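From a predicted model like this one, the values you see are computed outputs, not experimental measurements.
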Amino acid sequence: MAKNSIFALVIISICHSFINGEAFTASGWYSAHATFYGGSDASGTMAGACGYGNTYTTGYGVATTALSTALFNGGASCGQCYRIVCDYTLDPQFCINGKEVTVTAIDFCPPNWSEPSDNGGWCNPPRQHFDMSEPAWLNIGIYVGGIVPVLYQRVPCKKHGGVRFTINGNEWWNTVLITNVAEAGSIQSVSIQGSNTNWMTMSWNWGANWVTSAVLVGQSISFMVTASDGEVQTFTNIAPSNWEFGQTFSSLVQF
């Protein structure tokens with residue numbers, strides 16, 4: 001894709017975000033590489049390092065990616081969305097010219113220190129690398145190529161429905177998986193409030209999971225979520241007082 005075309009895409013993305021009143025706008029374009037994993041149906045990408053589980057049922061589908069250390073940011077990038085195009089100017093043999101795909105970060109691509117970073121250790125620091133689901137990668141690359149140079153930008157996430165909160169744990173320890181977050185996609189901090197408590201800051205556990213040791217059984221629960229761009233959304237009484245562990249509750253509002 002020509003640089004002028006990339007510049008036009010950036011302008012279009014920013015203008016689209018402004019017109020629709022979105023809080024989060026697309027970034028600039030950066031260089032990276034991309035491979036694929038998980039099989040033709042993406043079944044091998046399930047239960048990734050962000051904790052989203054089965055992406056078919058949690059709404060992320062197969063347009064997903066694992067991120068290298070340089071992009072994963074210890075899990076802080078879980079849920080972020082990226083627009084990716086194959087850099088046809090660098091690899092006209094295996095790039096599909098003029099095509100793009102938008103993917104959500106759901107997993108971590110670990111380093112492979114037994115391989116050099118330019119030949120097998122694609123996710124070794126400090127490389128910026130996307131290990132995409134096979135169906136997503138095939139939008140931009142030819143299968144036999146295996147690895148292609150790409151240009152990418154972080155973009156607002158477009159999600160159907162509200163933010164989802166899955167409550168697990170036990171009476172003394174609650175872990176909450178937060179999914180289907182639009183706009184920035186990733187989360188900076190979370191506070192929780194029971195109907196008989198004040199607001200309490202939750203601790204980040206792993207991936208998109210947040211925890212608290214507060215006893216909340218028998219209380220309705222509210223959440224205050226701060227996205228990675230600083231936008232704050234309060235979800236009042238998202239779980240009724242008769243909630244049970246293992247249940248998922250969806251909000252009526254989004255970011």
Side-chain angles (χ1 to χ4, degrees), residues 13 22 24-39 42-86 100-111 122-141 147-148 150-160 163-164 166 177-190 204-210 225-229 231 254-255:
S13 298
E22 296 167 352
F24 185 81
T25 56
S27 72
W29 288 87
Y30 304 94
S31 298
H33 282 79
T35 48
F36 61 86
Y37 77 118
S43 60
T45 67
M46 304 299 156
C50 292
Y52 296 139
N54 187 324
T55 62
Y56 301 151
T57 59
T58 53
Y60 294 99
V62 299
T64 58
T65 188
L67 303 177
S68 64
T69 300
L71 291 170
F72 192 64
N73 196 21
S77 298
C78 286
Q80 292 181 2
C81 298
Y82 300 88
R83 179 182 291 128
I84 300 176
V85 298
C86 202
E100 65 177 49
V101 65
T102 298
V103 292
T104 303
I106 65 160
D107 203 356
F108 173 56
C109 180
W122 307 119
C123 289
N124 295 354
R127 292 181 65 100
Q128 296 186 336
H129 190 89
F130 296 88
D131 197 15
M132 301 164 61
S133 72
E134 183 177 326
W137 191 91
L138 290 176
N139 284 282
I140 61 168
I147 178 171
V148 292
V150 298
L151 297 165
Y152 76 92
Q153 61 173 171
R154 187 177 164 195
V155 295
C157 295
K158 309 297 182 183
K159 302 300 179 186
H160 298 289
V163 179
R164 299 168 187 163
T166 302
L177 173 66
I178 304 176
T179 60
N180 206 52
V181 179
E183 295 299 326
S186 53
I187 297 170
Q188 181 182 120
S189 64
V190 181
W204 176 74
N205 191 10
W206 65 278
N209 287 278
W210 299 78
V225 180
T226 303
S228 57
D229 64 345
E231 184 179 355
Q254 256 289 3
F255 280 91

A.B. asks: Please report the interatomic distance CG(Leu71) to OH(Tyr30), rounded to the nearest 0.5 Å.
C.D. replies: 11.0 Å
A.B. asks: Could you walk me through whether Asn209 and Leu177 satisfy the side-chain contact (heavy atoms from CB on, under 4.5 Å) test, starting with their C-alpha distance in whole Å, then the side-chain angles of each, then the deciding distance to 0.1 Å, before giving a yes or no?
C.D. replies: CA-CA 4 Å; Asn209 287 278; Leu177 173 66; 3.5 Å; yes
A.B. asks: Is there a side-chain contact between Gln254 and Asn180, using heavy atoms and a 4.5 Å cut-off?
C.D. replies: yes
A.B. asks: Please, which pairs that meet side-chain hydrogen bond (donor to acceptor under 3.5 Å, both in side chains) have at least one residue in residues 126-138, sequence neighbours excluded?
C.D. replies: His33-Arg127, Thr35-His129, Thr35-Asp131, Gln128-Tyr152
A.B. asks: Within the 3.5 Å criterion, strictly below it, is a donor on Arg154 or Ser228 matched to an acceptor on the partner's side chain?
C.D. replies: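 Short answer, yes.
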A.B. asks: For residues 61-78, which residue pairs qualify under side-chain hydrogen bond (donor to acceptor under 3.5 Å, both in side chains), counting only residues two or more places apart or in two chains?
C.D. replies: none
A.B. asks: Roughly how far apart are Met46 CE and Tyr56 OH, rounded to 0.5 Å?
C.D. replies: 4.0 Å
A.B. asks: In Å, rounded to the nearest 0.5 Å, how long is the span from CZ of Phe72 to CD of Gln80?
C.D. replies: 10.5 Å
A.B. asks: Take Leu67 and Phe108 through the test side-chain contact (heavy atoms from CB on, under 4.5 Å) and record every step on the way to the result.
C.D. replies: CA-CA 5 Å; Leu67 303 177; Phe108 173 56; 5.9 Å; no
A.B. asks: At their closest point, which heavy atom of Ala136 faces which heavy atom of Val101, and how far apart are they?
C.D. replies: O-CG1, 3.8 Å
A.B. asks: Please tell me if the side chains of Thr25 and Pro156 come closer than 4.5 Å, counting only heavy atoms from C-beta onward.
C.D. replies: no
A.B. asks: Decide side-chain hydrogen bond (donor to acceptor under 3.5 Å, both in side chains) for Tyr52 and Asp107; before the verdict, give the C-alpha distance in whole Å, the side-chain angles of both, and the deciding distance to 0.1 Å.
C.D. replies: CA-CA 9 Å; Tyr52 296 139; Asp107 203 356; over 6 Å; no
A.B. asks: Does any non-hydrogen side-chain atom of Val85 lie less than 4.5 Å from one of Val150?
C.D. replies: no
A.B. asks: Does the pair Val155 and Thr102 meet the rule for a side-chain contact (heavy atoms from CB on, under 4.5 Å), with working shown?
C.D. replies: CA-CA 8 Å; Val155 295; Thr102 298; 4.0 Å; yes
A.B. asks: Given the rule in the side-chain contact (heavy atoms from CB on, under 4.5 Å) test, do Trp204 and Val190 qualify, once you have shown the distances and angles that lead to the verdict?
C.D. replies: CA-CA 8 Å; Trp204 176 74; Val190 181; over 6 Å; no
A.B. asks: I'd like to know if the side chain of Lys159 pairs up with that of Thr104 as donor and acceptor (distance under 3.5 Å, no hydrogens or angles considered).
C.D. replies: yes
A.B. asks: In chain order, what residues pass the side-chain hydrogen bond (donor to acceptor under 3.5 Å, both in side chains) check against Thr55, with sequence neighbours excluded?
C.D. replies: none
A.B. asks: Between SG of Cys109 and CG of Asn124, what distance do you get to the nearest 0.5 Å?
C.D. replies: 8.5 Å
A.B. asks: Is any side-chain heavy atom of Ile178 closer than 4.5 Å to a side-chain heavy atom of Arg164?
C.D. replies: no
A.B. asks: Is it the case that the side chain of Gln188 and the backbone of Glu231 share a donor-acceptor pair, with hydrogens and angles ignored and the cut-off at 3.5 Å?
C.D. replies: no
A.B. asks: Using every non-hydrogen atom in the two residues, find where Phe24 and Asp229 come nearest and quote the distance to one decimal.
C.D. replies: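 So the minimum-distance heavy-atom pair works out to CB-OD2, 3.7 Å.
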A.B. asks: Could you measure the distance from the OG1 atom of Thr226 to the CD1 atom of Ile187? Nearest 0.5 Å is fine.
C.D. replies: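 If I round to the nearest 0.5 Å, the distance is 9.5 Å.
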A.B. asks: For a quick test of reading the model, state the closest non-hydrogen atom pair linking Gly185 to Cys157 and the distance between them.
C.D. replies: CA-SG, 3.8 Å
A.B. asks: Rounded to the nearest 0.5 Å, what separates atom CH2 in Trp210 from atom CG in Asn205?
C.D. replies: 10.0 Å
